[in-house]
Amino acid sequence: MAVDLRDGVYIAATGVPLTLWWDGAVAAGGALRLVDQTRLPETYTILTCATLDAVVEAIRTLRVRGAPAIGVAAAYGLALGARAALAEPCPGAEDALATLATAAGVLRAARPTAVNLAWALERLLSRAEAHLRNGATVATLPQALLSEAHTIAAEDAAACRAMGALGAELIADGDVLLTHCNAGSLATAGMGTALAPIFTAHQQGKRLRVYVDETRPVLQGARLTAWELARAGVPHTLITDNMAAHFMRCGGIRGVFVGADRITANGDVANKIGTYGLAVLARAHEIPLYVVAPRSTVDLALADGSAIPIEERSPDEVRRVGGALIAPAETPVANPAFDVTPSDLVTAIVTESGIARAPYGASLAALRGKLSMA
Ligand code: MRU
């Protein structure tokens, strides 16, 4: 894709900072390039992932993170895996599909909560089956999968723009908002999910101020959201997570905007750990909580949030900050990366196809036709 370097940051043709892109020139075969999010904001480093294993490692270690971004990265990872495994002499069609299914399993296991990852892999596997069913050769399969990965990335960028436009209607001139984790361009193939309405409202000339939760344990708010808002010129204030209640009571906050990793059929929302607490606080202070997420995050196969697998991450993410030990080295730790917010605490869910409100069973089902046709 067309990529430009501006002020030391890679930008898409649309002007949005990129978190990942396909570089067709790397060793002439092409590779996935991505911003190493574990090193921001100190260092802006670009990684080159030319193998399935490199993409799996990048997803597992949060070098690429955010539900839509890991879906897109996984799609490119499977295309890279296909390129290596299906090279001449090509296996037969059945063996090729079995090889792809195994590779998809490895990618899927890298991060279990965000359904975007599984969704993107299912799309590629379906594309592979259709490709071979229609009589095309195994040799042309890697190119077909790469083209599907490009399509997923382009669709995600368009979804971000649509969510930005719809969500900006929920923001008034002068609003003070709060966001959690990072749901901006670093987390997607476009301008973001929860940050897209904020960027759009800012571009429309609305005056805003955004409280940014630092988002322990790995500080996506402090390291990534503050970086993105500063680059975009959106006025913002970084707070520690335990300050949210205080500023909801006396900081004039008019709305909480968060992303999602999985939304179930009844509107329950899995998102970064701490979102549920914010939702309870927002309800206590009569502040609306808006969830902004594309169709790839909506999992209508799950009835409610109790069935969502919650990723448990390394205890050292809690025991350490920036590598420095802040607790005894053997302290027992719990580290669920996500929590589930019950749908009755969610004011609205902004998707690229429309805004759903309670009762979500009906409103998400009504969007379903649009979601599957979009
Ligand atoms: O563990 P992370 O950083 O991948 O968690 C990310 C989040 O929880 C985001 O809020 C969510 O993926 C939405 S990103 C557009």
Side-chain angles (χ1 to χ4, degrees), residues 16-17 19-20 34-40 58-74 110-120 153 156-157 159-164 167 178-199 212-225 227-228 241 256-263 269-279 289-299 305 308-314 317-318 335-341 346 349-352:
V16 175
T19 197
L20 53 74
L34 49 90
V35 177
D36 184 347
Q37 298 191 40
T38 62
R39 304 193 64 185
L40 283 171
I59 293 173
R60 203 178 274 141
T61 56
L62 310 188
R63 297 185 196 286
V64 58
R65 48 142 299 282
I70 60 177
V72 174
R111 294 207 72 194
T113 301
V115 74
N116 310 61
L117 198 156
W119 170 88
D156 187 56
C160 290
R161 284 194 295 278
M163 290 183 286
L178 184 144
T179 191
H180 189 65
C181 194
N182 172 264
S185 63
L186 288 167
T188 64
M191 69 195 296
T193 59
L195 291 191
I198 292 173
F199 289 138
V212 179
D213 272 359
E214 64 175 353
T215 318
R216 274 284 281 149
V218 293
L219 302 171
Q220 291 94 330
R223 295 186 302 102
L224 308 176
T225 299
W227 185 82
E228 285 199 40
D241 298 335
V256 177
F257 280 76
V258 293
D261 288 81
R262 196 183 295 231
I263 299 170
V269 173
N271 191 47
K272 180 50 56 192
I273 190 75
T275 304
Y276 173 40
L278 281 180
L289 175 92
Y290 299 116
V291 174
V292 187
R295 63 185 168 133
S296 52
T297 305
V298 179
D299 183 0
I308 298 175
I310 300 293
E311 177 185 5
E312 182 75 22
R313 293 191 60 85
S314 162
E317 288 184 351
V318 175
N335 189 13
F338 303 96
D339 58 25
V340 176
T341 298
V346 177
I349 299 174
V350 180
T351 74
E352 70 270 46

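Computed over heavy atoms, backbone and side chain alike; hydrogens, waters and symmetry mates excluded. Both counts, for ligands and for their atoms, begin at 1 and track the order of listing.
- Side-chain contact between W227 and L186: present, with at least one pair of heavy atoms (C-beta onward) separated by less than 4.5 Å.
- Of the N or O atoms in A183, none lie within a sub-3.5 Å distance of an N or O in ligand 1.
- In the model, T215 has no side-chain atom that pairs as donor or acceptor with a side-chain atom of D213 under 3.5 Å.
- Of the polar atoms of H180, none of the N or O atoms is found under 3.5 Å from an N or O of ligand 1, judged by distance alone.
- A side-chain donor-acceptor contact under 3.5 Å links D339 to the backbone of Y276.
- Which parts of ligand 1 touch Q220 is read off a 4.0 Å heavy-atom cut-off, strictly below it: atoms 1 (O), 2 (P), 3 (O).
- The shortest heavy-atom distance from R111 to ligand 1 is under 4.0 Å.
- Taking all atoms of both residues into account, the shortest heavy-atom contact from C181 to T225 is O-OG1, 2.6 Å.
- Side-chain contact between P294 and T193: present, with at least one pair of heavy atoms (C-beta onward) separated by less than 4.5 Å.
- At least one donor-acceptor pair under 3.5 Å links the side chain of D241 to the backbone N or O of R216.
- With respect to atom 11 (C) of ligand 1, the closest heavy atom belonging to the protein is D261 OD1, 3.2 Å.
- Between the side chains of R223 and N182, no donor-acceptor pair of N or O atoms lies under 3.5 Å.
- Of the options A260, G66, A187, the smallest heavy-atom separation from atom 13 (C) of ligand 1 is shown by A260.
- Residues R313 and R111 have side chains in contact (heavy-atom distance under 4.5 Å, counting atoms from C-beta outward).
- Looking at K272, R313, R65 and measuring to atom 3 (O) of ligand 1, the nearest heavy atom belongs to R65.
- Closest protein heavy atom to atom 9 (C) of ligand 1: N271 OD1, 3.4 Å.
- Considering backbone and side-chain N/O of T188, none are found under 3.5 Å from N/O of ligand 1.
- The contact set between ligand 1 and A67, taken as ligand atoms under 4.0 Å from a residue heavy atom, comprises 12 (O), 14 (S).
- Here the side chain of H180 pairs a donor or acceptor atom with the backbone of I273 at under 3.5 angstrom.
- Annotation for ligand 1: atoms under 4.0 Å from non-hydrogen atoms of T193 are 15 (C).
- Not close to ligand 1: A114, with no non-hydrogen atom less than 4.0 angstrom away.
- Heavy atoms of P68 come nearer than 4.0 angstrom to ligand 1 in at least one pair.
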